[in-house]
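Comments concern the structure below.
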Amino acid sequence: MRCSEFNDAVARYLEGAMSQAEKATFDAHRSNCPECQDHLDKCQELTCRELLDFLCDYVEDDLAPESRRIFDRHLEICPECVDYVDGYRKTVALGRAAFERDDVETSLPKEIPDQLVQAILDARRAESAESAGGPEAEPEAEMDE
Amino acid sequence: MRREPVRGRGGSRESHDVEIRAVTPRPVQRAASSEEGLVAGLRAGDESAFERLVRDYGGALLGLARRILGNEDDAADALQEALLSAFRKIQQFTGESRVYAWLHRIVVNASLMKLRKKRRLREQTIESLLPQFKADGHQAVAPRSWPESGEELLARKELRQLVREHIARLPEKYRDVLLLRDIAELDTAETAGLLGIEVATVKTRVHRGRQALKTLLDPHLSGAAP
């Protein structure tokens, strides 16, 4: 593999898109070529901004293995990003929990009250009559007010 | 502008009339054929199908609205607004087997809008809630750590109301995606199908929505544990 070919292959390497044979050739070249290894290291440096851009894929395990390694390397040296990732994960968990059933609710009836069903059906009919341009439907019942 | 619904408790319906399009059906879905019949009936304007929708899903959805709003009257109003909105939008719903996920989002949105109005919470712009960066790629303001563990935070039930109120303050397009992806737990493709947007757009919005929610929660959860 020539250095120019190595250079062209870096993107595929970072995306984890190489076959095993291609990767072996790529790895053999960089182990013998300090300049190409240096170039690869620079390509693999991630800023905090780039890390945050790909954070969603990272926490959902959607990153290619090599990208994940680059991500993890950044986290090893950047406590600020570690804090951010931790807060981000906790935010997702809290968002999910915010709409879960709670203890009070499980003790309440799961059926919809018949009075409310009737009120909704009445409202629907009134709306339907209105949109059809017909006469205003009279409310059949005034509910709980 | 239509007049108030018959129950007439002053609810607004302006903010949750959202665009609803196709959704990818899940391969395994119990009672899918019965849902197909329900949707067909709704699309044909069949009042008895609407009644079935109200009776079949109303109880669970009322519980959901009650959980967000904390009282029966407001929950009933939100449910009514949401179900009428769903019926108006049924022509845009072409997925047959995800009726509950579709209704779930409409009810949560209607409830959050009512909550926002009740608590006089202002919607925030997304830009003000996203991290800012210096020219070298570092964050302009160092993120603050949240000292409590995930388990400790989840055990604090009182945080749920706080989180719901802050979700209510997110701009609608971010809130919508967050509700479908993280709350209703649809996957990215299903969310994209339901909202009629690109998969890449879903990913961007869910990420920004989470970042914005994190920023809103930061003052409450960073620093010393209570």
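Everything numeric in this text was worked out from a predicted model, so none of it was measured. Residue numbers start from 1 in every chain, and the chains themselves are labelled A, B, ... in the order their sequence lines are given, proteins ahead of strands.
Look at A/Glu111 and B/Arg55 and you find no salt bridge, because none of the NZ, NE, NH1 or NH2 atoms lies under 4.0 Å from a carboxylate O. Classification of A/Arg49 and B/Asp136 as a salt-bridged pair fails, no side-chain N sitting under 4.0 Å from a carboxylate O.
If you measure heavy-atom distances from B/Leu153 to chain A, the contacts under 4.5 Å come from both the backbone and the side chain. Proximity to chain A is absent for every atom of B/Gln161, based on heavy atoms less than 4.5 angstrom apart. The part of A/Glu60 that comes within reach of chain B is its side chain, from C-beta onward, which places non-hydrogen atoms under 4.5 angstrom from that chain.
Taking each heavy atom of A/Cys56 and B/Val206 in turn, the nearest pair found is SG-CG1, 3.9 Å. Nearest heavy atom pair, residue B/Leu154 against residue A/Ala93, reads CD2-O, 3.7 Å. Minimum interatomic distance between B/Val163 and A/Ala98 (heavy atoms only, all atoms of both residues): CG1-CB, 3.7 Å. In this structure, B/Glu148 and A/Lys90 approach most closely via the heavy-atom pair O-NZ, 2.6 Å. Across all their heavy atoms, B/Arg160 and A/Ala97 have their closest contact at NE-O, 3.3 Å. B/Leu84 and A/Ala123 get closest at one heavy-atom pair: CD1-CB, 3.8 Å.
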Chi angles and distances behind the ring-ring contact (aromatic ring centres under 6.0 Å, His included) call for B/His207, A/Tyr88: CA-CA 9 Å; B/His207 182 44; A/Tyr88 185 93; 5.4 Å; yes
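For the side-chain hydrogen bond (donor to acceptor under 3.5 Å, both in side chains) with A/Tyr84, the qualifying choice from B/Gln211, B/Lys214, B/Arg144 is B/Gln211, the only one to do so.
At least one side-chain heavy atom of B/Trp146 sits under 4.5 Å from a side-chain heavy atom of A/Leu94.
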